[in-house]
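Throughout, numbering of the chain's residues begins at 1 and tracks the sequence.
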Amino acid sequence: MKVIDKIKANPRLKKIALWLLQPPFRPRPRLWVKLFWNPFVHHKGENALISKKTRMDVFPYNNFSLGNWSTIEDFACVNNAMGDVMIGSKSRVGLSNTVIGPVTLGNNINIAQNVVMSGLNHEYEDISLPPREQECSTALITIEDDCWIGANVVITAGVNIGKHSVVAAGSVVTKDVPPFSIVAGNPAKLIKQYNPNTASWERVTNTLKKNEAA
C-alpha cells in the first residue's frame, strides 16, 4: 500500500496531513505548499498565464493543469480540493470567475466575467449539522472545445456543455447542453442549434433536456 493510501485510510493521519496542507476552516493551501510543492506537481503550459491577483487554492493531492497559451484572469478563484481542475490550450478563465473541481475545460474556450462553475455540492439532510459540516458530493463539469460562456453564468455539478456551444449571460445551467447549441435563461433552455443541412443556426422551441446515453 502506498504512503498516500495509508494516510487516507487512517483518520488520525489524514487529519494531521490536512492540517499540514491547509489552515483549519480555510480552504486554501499553506504558503509552503504553494511555494515548494505545487510548482512540481501541477502542469502549466507554454506561455500560459495566471494573473497576479488570481486566488489559486490548489492542492497537491488532486490534479491541476493549465494548457499552452491559456489565461486565468485577476480575481478568479480556482480550487481543486474536491476534484481535478484541467484547463486546455488557448482558453480564458475570465475576471472574477470561480472554478471548483472536478472541472474539465477544453481548448479555445472563452469564459466571460463573474462565472461560477462548481463540481461540488454540500449535503444538507442532517438537520443537527450545518451544511458546511456535512459530507460533500461531487460530479464532473465538462466544457468541450470552442465554447463561449457569457457573463454571470452559473454551471452546476455534473453538467456537460457540448462543443462550440454558447451560454447566454446570466444563465443557470443545470442540464447538459448539446454540441453546437445556444442556451439561455434560469434554468437554461435551448434557444438555437446549428443545422448542418442548412448551414445555419436555427431557433428551437423545445426545453433543454439532459442527454441520455444511447
Side-chain angles (χ1 to χ4, degrees), residues 1-34 37-38 41-42 54-64 72 75-87 93 96-105 111 113-143 149 151-161 167 170-177 183 185-189 207-213:
M1 181 182 291
K2 296 180 180 179
V3 174
I4 294 178
D5 294 331
K6 289 182 178 180
I7 292 174
K8 289 181 177 180
N10 186 313
R12 186 168 179 273
L13 290 177
K14 184 177 180 180
K15 186 176 181 179
I16 293 172
L18 288 175
W19 183 88
L20 290 171
L21 293 173
Q22 70 179 69
F25 303 106
R26 295 181 182 177
R28 59 176 66 183
R30 293 186 184 275
L31 183 60
W32 76 269
V33 177
K34 290 184 177 182
W37 197 346
N38 283 344
V41 297
H42 295 146
T54 297
R55 178 170 158 178
M56 295 297 295
D57 292 346
V58 294
F59 295 87
Y61 51 77
N62 284 323
N63 295 315
F64 168 76
I72 302 176
F75 311 114
C77 178
V78 178
N79 188 307
N80 75 338
M82 295 297 295
D84 299 343
V85 175
M86 312 298 287
I87 301 171
V93 176
S96 301
N97 280 198
T98 298
V99 182
I100 302 175
V103 171
T104 296
L105 307 180
I111 303 175
Q113 303 77 31
N114 304 310
V115 173
V116 176
M117 56 190 83
S118 176
L120 163 70
N121 279 315
H122 284 277
E123 302 298 336
Y124 61 89
E125 286 83 358
D126 186 349
I127 62 170
S128 67
L129 293 172
R132 65 170 294 173
E133 295 181 9
Q134 297 190 39
E135 294 293 325
C136 296
S137 61
T138 59
L140 175 65
I141 292 173
T142 302
I143 302 179
I149 311 298
N152 302 304
V153 165
V154 175
I155 303 172
T156 60
V159 164
N160 185 89
I161 298 179
V167 180
S171 299
V172 178
V173 187
T174 61
K175 304 292 184 181
D176 287 356
V177 177
V183 298
N186 180 8
K189 296 181 180 180
T207 301
L208 179 64
K209 296 181 179 180
K210 190 166 186 176
N211 295 335
E212 296 180 354

Exercise. Under 3.5 Å, is there a donor-acceptor pair between the D84 and N63 side chains?
Worked result: yes
Exercise. Knowing that exactly one of V58, V41, N38 qualifies, which makes a side-chain contact (heavy atoms from CB on, under 4.5 Å) with V33?
Worked result: N38
Problem set entry | Check: I111 and L105 side chains under 4.5 Å, non-hydrogen atoms | yes
Problem set entry | Flag if over 12 foreign heavy atoms under 6.0 Å of CD, Q134 | yes
Exercise. Atom CD1 in I161, atom OG1 in T142: separation rounded to 0.5 Å?
Worked result: 9.5 Å
Problem set entry | Beyond-backbone contact of N62 with P102, side-chain heavy atoms, under 4.5 angstrom | no
For this session: Spell out, as yes or no, whether a donor-acceptor pair under 3.5 Å connects the side chain of D176 to the backbone of N160.
Result: yes
Exercise. Where the side chain of H42 meets the backbone of W37, is there a donor-acceptor pair that is under 3.5 Å apart?
Worked result: no
Problem set entry | Nearest heavy-atom neighbours spanning M56 and F64 | CE-CZ, 3.5 Å
Problem set entry | Minimum side-chain heavy-atom gap I143-V167 below 4.5 Å | no
Exercise. Does some side-chain heavy atom of P29 sit less than 4.5 Å from a side-chain heavy atom of K34?
Worked result: yes
Problem set entry | Whether T156 side chain and V173 backbone form a donor-acceptor pair below 3.5 Å | yes
Exercise. Is the side chain of T138 donor-acceptor paired with the backbone N or O of L120 at a distance under 3.5 Å, no angle test?
Worked result: no
Exercise. Where the side chain of N80 meets the backbone of V85, is there a donor-acceptor pair that is under 3.5 Å apart?
Worked result: no
